[in-house]
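Following: one structure in structure tokens, then a few remarks.
Only a predicted model underlies this, so the values are computations on that prediction, with no experimental measurement involved. Quick note: numbers below take in every heavy atom, side chains included, and nothing from hydrogens, waters or symmetry partners. Here is how names work: the chains are called A, B, and so on, in the same order as the sequence lines, proteins then strands, and each is numbered from 1.
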Number of protein chains: 2
Amino acid sequence: MKSKATSFDIAHQAGVSQSTVSRALRDSPLVNPETRERIKQIAKQLNYKVDKNASNLRSQHSDTLALLLFEDPTSDESQINPFFLSMLGSITRACKDNGYDLLVSFQRLEEDWHAEYEDTHKADGIILLGYGDYTDYKGKLDQLQENETRFVLWGASSDAQPGITIACDNFTGGYDVAKHLIQQGRKNIAFIGGASDRCPEFFDRYKGCCQAQQDAGIEVKQSLQVDAITTEQSGYAGALQLMAMQQSFDAIFCASDLIAVGAMKALRDKGVKIPEQVAVVGYDNIPLSEFTRPALTTVQQDTKLAGSMLVEALVALINNKPVSSQLLPAKLIVRQSSTN
Amino acid sequence: MKSKATSFDIAHQAGVSQSTVSRALRDSPLVNPETRERIKQIAKQLNYKVDKNASNLRSQHSDTLALLLFEDPTSDESQINPFFLSMLGSITRACKDNGYDLLVSFQRLEEDWHAEYEDTHKADGIILLGYGDYTDYKGKLDQLQENETRFVLWGASSDAQPGITIACDNFTGGYDVAKHLIQQGRKNIAFIGGASDRCPEFFDRYKGCCQAQQDAGIEVKQSLQVDAITTEQSGYAGALQLMAMQQSFDAIFCASDLIAVGAMKALRDKGVKIPEQVAVVGYDNIPLSEFTRPALTTVQQDTKLAGSMLVEALVALINNKPVSSQLLPAKLIVRQSSTN
DNA sequence: CTGAAAGCGCTTACAG
DNA sequence: CTGAAAGCGCTTACAG
């Protein structure tokens, strides 16, 4: 490697002090416009870039955010939930729009992620995006809080949980799904997905679903809820489990699109017609949901908005500005898998 | 924020010099094992983490790799090609396995990415993962080369292109697809995807496809090739275009799964039966390919292997070890969309 | 508007 | 095996 130019080299060429170079390059109003232009000109010529390590060390912030994706240890190594990937994309873009770099890391629950990034000054704050068992990482969240690490969390609705949360309105999303199914004449709605505090997002969707049934005067059949994590395999297994029970159902609300895709496959394998015999609805509106056959009715979470809200909330936190948790609207997208 | 402990705090508590602390924490053999343990103990107690900015500045490397995803400017902002996301996942993991952090950035071709990361010392090297028009960024690659930036590139087969490339054997992949289709009795194979030096990966797949036809004594109908970029929309349009031509075909080889998903939708919309009337084959084996209906025959690129090879090649480059471009095997995965 | 100087928190010759 | 000292390349009071 050629040795890189430093601010001293520029100062020398420009005939000014190194401090002035530093100021000029950061557009400080303290420096004479002409001098500034001259300095910038030389910097460009020398292909000079500010050394981030040095500037970060001195200024004690990195202008970098860390995104920690943590996942259910049981899920397949090579697959990433498309919904989270979509979030990753929007977060990457939002970081850029806000002038931050993004460090991305996948973490397993067992690991010592809580602290790694901010304590080492590699990042000014952390965005947590996860699935899996909430109870498992509650403790780590508390630790982050205690270390006064700046972080924002996606997805769990406002619980006794520490920190700022940006979430989708899962309850209303679930409510709208069930309301739609009932309008389509479905009376026995099954639910595939965890329904406990361990997975509060799914639980909220289920609660909304139950509420809509009650509001319509339909008795909720709790036996029609089977657990699943958000993979096709788990959805496939869940649907088989439902069909094996001696209880009829005419609709399945799946807690995620991935689960729905697996469930549809299981229904087909058993010769069950979708939507004639059983309507299927997912959640997330992942790209593939439009292309399943029949196309999957689902609930859209606005990942673009979510990404920018996460980043903006974290940036506000970093700048000691007031921030509050936010709930984003969910939008039902009706397709063929649930319409008669 | 509480002010973080420094190596001096630890030195003070341990009754040694700061240099010794630094050595102990990096497991230098120069330090007495007992002293080392004591120091580590104290570091843990104080929740001490090495300041990366300081250590990077001093040691002149960051132990960080930058991943630059650059994309076709025409493609939808919110969508990311699932194949690249899969690569992102495997690269993230490979970085971790090699002790590197990963900076991720999405770049548009117009931007000034060529230099940003390594010149600022934020990363020791760059992994480039892109789609879109190769001729457009050839110039930037040359610039990287000239600046002696360490980088590796995914996906373009060994051209006159500068730098180390890790790629899939697209020619053989395409060859195997056509061979399979011919074995299934198909005689008129259409191709949806660009076929020019502007997208060498697709082009190689097409070349392999043509070669297999020639080897089987089938005349290649060049008019059955229509351009497409790797989106469902583009695949949909491409299939419509094919059907509008007054030329019959009984198979479509799509240059990517995304294209294939769109093409299948177009065929269905026109009442064409898959695979009875037209067989469809994709490329990439994205997660959804298994769940389309019929399930999509495709070619698997081993993203896990690819990710680790990219990272390992780049790390070797950084350490001035010999590295060479590599071609990974492609594996045909036969499903219902192409079998009689 | 500009410069000389201190210092961010480490790593690494150098000396012992 | 250990310590005192220099220095990585910046930013930022401080003084003018």
Atom [atom1] of [X] and atom [atom2] of [N]: how far apart are they, to the nearest Å?
| X | N | atom1 | atom2 | answer |
| --- | --- | --- | --- | --- |
| Glu37(A) | dC1(C) | CD | C1' | 16 Å |
| Ile39(B) | dG3(D) | CD1 | C1' | 12 Å |
| Lys122(B) | dG9(D) | NZ | C1' | 16 Å |
| Asp9(A) | dC10(D) | CG | C1' | 13 Å |
| Ile10(B) | dC10(C) | CD1 | C1' | 12 Å |
| Asp27(B) | dC1(D) | CG | P | 14 Å |
| Leu57(A) | dC8(C) | CG | C1' | 4 Å |
| Leu25(B) | dG9(C) | CG | P | 16 Å |

Looking at [atom1] of [X] and [atom2] of [Y], how far apart are the two atoms once the value is rounded to the nearest 0.5 Å?
| X | Y | atom1 | atom2 | result |
| --- | --- | --- | --- | --- |
| Ser90(B) | Lys304(B) | OG | NZ | 9.0 Å |
| Leu144(B) | Arg150(B) | CG | CZ | 12.0 Å |
| Leu310(B) | Ile91(B) | CG | CD1 | 5.0 Å |
| Leu46(B) | Lys44(B) | CG | NZ | 13.0 Å |

What does nucleotides 11-16 of chain C look like as a protein-contact string, B for base, S for sugar-phosphate only, - for none, at under 4.0 angstrom between heavy atoms?
BBB---
Sort by first number and list every stem of DNA chain D: at least 3 consecutive Watson-Crick or G-U wobble pairs, both distances under 3.5 Å.
C:1-3 with D:14-16, C:5-12 with D:5-12, C:14-16 with D:1-3
Pairing residues for [X] by the side-chain hydrogen bond (donor to acceptor under 3.5 Å, both in side chains) criterion, not counting sequence neighbours:
| X | value |
| --- | --- |
| Thr92(A) | none |
| His61(B) | Asp63(B) |
| Ser22(B) | Arg26(B) |
| Asn32(B) | none |

Regarding the side chain of Pro33(B), the nearest nucleotide among dC10(D), dG3(D), dC1(D) is dC1(D)
First of Thr6(B) and Leu30(A) reached from the 5' end of DNA chain C, by closest nucleotide
Leu30(A)
Between Lys40(A) and Asp27(A) (salt bridge meaning N to carboxylate O under 4.0 Å), is one present in this structure?
yes
